[in-house]
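Structure, as structure tokens:
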Amino acid sequence: MDKIKITFPDGSSKEFEKGTSAYKIAESISPRLAEEALAVEMNGIIKDLHAPLSANAIVKFLTFDDEHGKEVYWHSTSHLMAHAIQEIYPEAKFGVGPAIETGFYYDVDINSNLTEDDLKKIEGKMSELTKENNSFVRQDLSKSEAIKFFEKKGDNYKVEILSEIDENSEDISIYKEGNFTDLCRGPHLPSTGKIKYIKLLSISGSYWRGDEHNKQLQRIYGVSFPKKKMLDEYLQRLEEAKKRDHRKLGRDLELFFISQSIGSGLPVWLPRGTILRETLENYLREEQRKRGYEPVITPHIGNINLYKTSGHYPYYKDSQFPPIKLDDGKEEYLLKPMNCPHHFQIYLSKPRSYRDLPIRYAEFGTVYRYEQSGELNGLTRVRSFAVDDSHMFVRQDQLKDEVCNVIELIQVVFSQMGFKEFTTQLSFRDDNVDKYGGDVALWEKAQQEIKEAADKMNLTYYVAEGEAAFYGPKIDFMVKDALGRKWQLGTVQIDYVMPERFNLEYTGSDGQKHRPVVIHRAPFGSLERFIGVLIEHYAGEFPLWLAPVQAAVIPISQNYIDYGKSVYESLKRRNIRAEFDERNEKIGYKIRDWENHKVPYMLIVGEKEQAAQNVSVRQHKKGDLGSLSLSDFIDNIETEIKNKITTTN
RNA sequence: GCUGAAGUAGCUUAGUGGUAGAGCAGCUGAUUCGUAAUCAGCAGGUCGAGGGUUCAACUCCCUCCUUCAGCUCCA
């Protein structure tokens with residue numbers, strides 16, 4: 001019998017008979033590994049544990065702790081769910097059912113609409129099926145065999161998928177588990193018994209192949225875990241995320257609200273939210289001032305011709321508010337969907353020299369976009385929002401440095417806000433010529449510049465083809481909110497198209513006219529979305545420099561109102577955002593109330609404090625810090641505010 | 001825009017065809033209090049809007065609006 005040599009991640013190796021399954025190898029190492037292993041990585045390729053090894057290989061066993069192990073686990077659970085659905089709804093047809101970042105889904109076509117109760121039924125059936133502990137059995141077959149199989153089964157979606165697979169470049173396989181068979185490239189768990197704790201989470205519609213012209217299938221989301229504790233923790237995290245929801249906190253903390261009397265997707269900033277927003281704006285203004293930006297202000301509407309010139313109008317006709325027509329019908333104005341054309345007019349307002357560049361115009365410009373009703377979501381997806389916009393006009397030879405400077409600014413801003421984790425995406429064009437304006441050669445150049453800048457600034461990024469703006473490639477910065485949804489915040493975009501369309505020029509040292517390059521950039525993206533994400537990031541517990549109310553002064557009883565008031569006024573004189581709580585309530589009540597409002601400091605004053613002319617300091621979530629003279633407290637808190645100390649939780 | 005779910009007081013919510021109930025918040029009064037809820041009282045609702053069925057509709061049916069979970073979209 002031939003022997004093969006198997007090498008493990010720790011470098012050790014062992015010989016086995018050729019054809020030994022990965023599972024047997026795991027068993028030979030330890031029963032526990034055989035129990036926990038979900039799949040195996042052979043020379044970097046993930047395979048079933050059943051798979052026999054026919055040659056020397058580097059082998060790594062994947063458990064639930066590995067990202068890819070989880071993926072296999074959830075993928076198999078989605079198959080198990082399909083099995084359960086088929087048992088309950090024999091007429092069901094299946095679309096696709098992949099693992100996702102957390103959990104899995106399956107798109108199904110069933111005649112009746114599923115309800116929450118049906119989910120419980122399916123969940124119950126799944127548990128039943130796990131007890132059968134059926135093996136996942138792989139079978140490779142030809143394209144025509146596979147098509148014949150699924151035609152017979154009536155799974156026309158699978159047939160459609162198969163018909164588009166090139167069998168020369170890809171193996172076609174099916175997996176059978178009990179009496180359920182699905183088209184799948186695998187790999188899968190050894191058997192359904194590995195799936196222990198299952199929770200089906202939600203149902204929603206989803207278009208077949210993501211095309212809104214296609215039939216809408218029902219998508220069932222779920223998640224599963226090998227240990228009960230993991231499921232409990234997951235569900236608890238969901239609860240925690242709900243508490244952090246910026247829509248709830250926005251209301252509780254009186255930051256903003258959205259009134260139907262004003263309109264959907266048109267958020268209104270309450271006094272406390274406005275303080276937060278203005279603090280962020282002022283912070284960015286200062287950072288920009290240091291970096292040579294010049295503030296400008298432009299109107300909220302503009303002649304429609306601006307947008308016809310820019311090329312935005314035909315591209316985005318459907319997602320802007322309809323034009324305002326003047327009496328003679330000849331002139332039309334648009335609520336501005338972006339600020340760039342206005343800023344270009346400022347550039348054009350006088351002749352420019354190469355010595356003037358780079359020019360950096362900055363504006364917190366409010367823009368209006370008619371987003372689809374189903375898209376609106378709290379502050380993160382709205383119809384009116386302020387972009388922390390800047391348009392920078394640079395010479396080609398300045399471009400890369402300027403992009404690097406912008407990346408540096410965004411890094412500074414994100415780190416100040418305590419976003420330790422964010423992802424960076426380079427959004428490039430794809431082959432769809434109609435989607436983009438401008439010259440392909442210029443695009444290539446711009447994409448190259450962006451990549452070089454990203455490398456120089458040590459960004460870790462991935463390239464997303466087809467995600468570019470119509471006028472140029474961009475770098476997008478995204479962070480995740482409390483519910484794990486990704487949001488695009490900051491963006492840097494290179495634009496060779498608009499300068500052409502608006503005929504932007506400068507006079508070079510050679511006396512000739514040259515075309516500047518435009519950089520569009522916004523570190524926050526939009527104030528609305530940024531603050532929405534920030535609220536969830538901090539769970540409403542803002543660092544002192546951002547907190548709308550920084551300190552609450554609380555007298556023990558009505559007898560100390562005068563002293564309390566003098567403390568409060570001292571704070572106000574030093575520009576500390578303080579509130580004075582003179583309500584006729586017990587101290588415990590008021591402390592609870594301000595704790596719930598997540599106010600960083602409470603100053604409690606009673607007989608002792610009045611006598612010693614000091615304050616008793618209580619910090620949010622930390623409790624009583626003891627007494628401090630008022631001037632020491634103010635000095636401390638001023639330093640903390642000035643240094644913008646950011647604590648993340 | 002599409003699919004599904006939901007809409008009762010400022011907030012959280014009870015109420016399956018027979019006069020809408022509570023807690024918190026608010027207001028008034030009492031209490032003058034030492035680190036997460038003092039007591040009592042008062043007020044607050046065309047039950048999302050419109051139409052229909054019925055002797056009678058928060059409740060059943062239809063249409064619309066809004067919100068939520070996704071999908072599609074996102075300058």
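Order of the sequence lines fixes the chain letters, A, B, ..., with proteins taken first and strands second; residue numbering starts at 1 for each chain.
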Heavy-atom neighbours of A:Glu160 CD exceed 12 at 6.0 Å:
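Result for CD/A:Glu160: enclosed.
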Can you tell me if OH on A:Tyr370 sees more than 12 non-hydrogen neighbours from other groups inside 6.0 Å?
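Check fails, neighbour count at 12 or below.
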Presence of [X] side-chain N/O under 4.0 Å of [N] phosphate oxygens OP1/OP2:
X        : N     : answer
A:Ser204 : B:U3  : no
A:Arg251 : B:G10 : no
A:Asn377 : B:A69 : yes
A:Arg583 : B:U38 : no
A:Tyr601 : B:U35 : no
A:Tyr370 : B:A75 : no
A:Arg529 : B:C74 : no
A:Ser202 : B:G4  : no

Of the listed nucleotides ([options]), which one gets closest to any side-chain atom of [X]?
X        : options             : result
A:Arg247 : B:C68, B:G34, B:U35 : B:C68
A:Tyr221 : B:G70, B:A75, B:A25 : B:G70
A:Ile604 : B:U35, B:A75, B:G70 : B:U35
A:Ser616 : B:C33, B:U35, B:C2  : B:U35
A:Ser557 : B:U32, B:A75, B:A36 : B:U32
A:Lys608 : B:U35, B:A75, B:G34 : B:G34
A:Arg592 : B:A75, B:A36, B:U35 : B:A36

If you find the nucleotide of RNA chain B closest to A:Gln218 and the one closest to A:Gln260, which residue's nucleotide is nearer the 5' end?
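Its nearest nucleotide being more 5', the pick is A:Gln218.
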Tell me which of A:Ile258 and A:Gly588 sits closer to the 5' end of RNA chain B, going by the nucleotide each one is nearest to.
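Result: A:Gly588.
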Between [X] and [Y], does the ring centre distance come in under 6.0 Å?
X        : Y        : result
A:His213 : A:Tyr207 : no
A:Phe633 : A:Tyr601 : yes
A:Tyr293 : A:Tyr361 : no
A:Phe470 : A:Tyr436 : no
A:His343 : A:Phe393 : no
A:Trp208 : A:Tyr157 : yes

A:Tyr538 and A:Phe542 aromatic ring geometry - parallel, tilted or perpendicular at 30°/60° bounds
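Judged by the thresholds at 30° and 60°, the geometry between A:Phe542 and A:Tyr538 is perpendicular.
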When the ring planes of A:Phe94 and A:Tyr106 are compared, do they come out parallel, tilted or perpendicular, using 30° and 60° as the limits?
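Plane angle over 60°, so perpendicular.
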With [atom1] as the reference atom in both, quote the distance from [N] to [M] in angstrom, rounded to an integer.
N     : M     : atom1 : value
B:C60 : B:C55 : C1'   : 16 Å
B:A6  : B:C33 : C1'   : 45 Å
B:C61 : B:A5  : P     : 12 Å
B:U28 : B:G44 : P     : 16 Å
B:G26 : B:A9  : C1'   : 11 Å
B:C2  : B:G45 : P     : 35 Å
B:U19 : B:A56 : C1'   : 11 Å
B:G29 : B:A22 : C1'   : 23 Å

Sugar-phosphate only, base, or nothing, as touched by [X] at under 4.0 Å among non-hydrogen atoms:
X        : result
A:Glu607 : base
A:Asp211 : nothing
A:Ser310 : nothing
A:Leu376 : sugar-phosphate
A:Ser206 : sugar-phosphate

So do A:Thr491 and A:Arg521 actually touch side chain to side chain, heavy atoms under 4.5 Å?
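No, every pair of side-chain atoms sits at 4.5 Å or beyond.
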Side-chain contact test, heavy atoms from C-beta onward, threshold under 4.5 Å: evaluate it for A:Arg529 versus A:Leu379 and give yes or no.
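A side-chain contact is absent here, since even the closest heavy-atom pair is not under 4.5 Å.
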Should A:Asp118 and A:Lys121 be marked as a salt bridge (Lys or Arg N to Asp or Glu O under 4.0 Å) after you check the CA-CA gap, both sets of side-chain angles, and the distance that decides it?
CA-CA 5 Å; A:Asp118 295 325; A:Lys121 230 167 35 186; 3.6 Å; yes
Using whole Å, report how far [atom1] of [X] lies from [atom2] of [N].
X        : N     : atom1 : atom2 : value
A:His312 : B:C74 : NE2   : P     : 13 Å
A:Lys248 : B:G10 : NZ    : P     : 17 Å
A:Gln320 : B:C73 : CD    : P     : 18 Å
A:Ile554 : B:A37 : CD1   : P     : 13 Å
A:Leu334 : B:A75 : CG    : P     : 16 Å
A:His246 : B:U67 : NE2   : P     : 13 Å
A:Glu528 : B:C74 : CD    : C1'   : 15 Å
A:His597 : B:A36 : NE2   : P     : 17 Å

Under 3.5 Å, is there any donor-acceptor pair linking the side chain of [X] to the base of [N]?
X        : N     : result
A:Arg381 : B:C74 : yes
A:Arg219 : B:A69 : no
A:Glu371 : B:G1  : no
A:Tyr207 : B:G1  : yes
A:Gln216 : B:C2  : yes

For nucleotides 39-48 of chain B, tabulate all protein N/O to nucleotide N/O atom pairs closer than 3.5 Å, reporting atom names and distance.
none

The test is side chain to side chain contact (heavy atoms under 4.5 Å, CB included); show your working for A:Ile258 and A:Arg247 and say whether it passes.
CA-CA 10 Å; A:Ile258 294 170; A:Arg247 292 165 299 192; over 6 Å; no
Given pairs defined as Watson-Crick or G-U wobble with both distances under 3.5 Å, what dot-bracket annotation applies to RNA chain B, with ( ) intrastrand, [ ] crossing, | other strand and . unpaired?
(((((((..((((....[..)))).(((((.......))))).....(((((..]....))))))))))))....
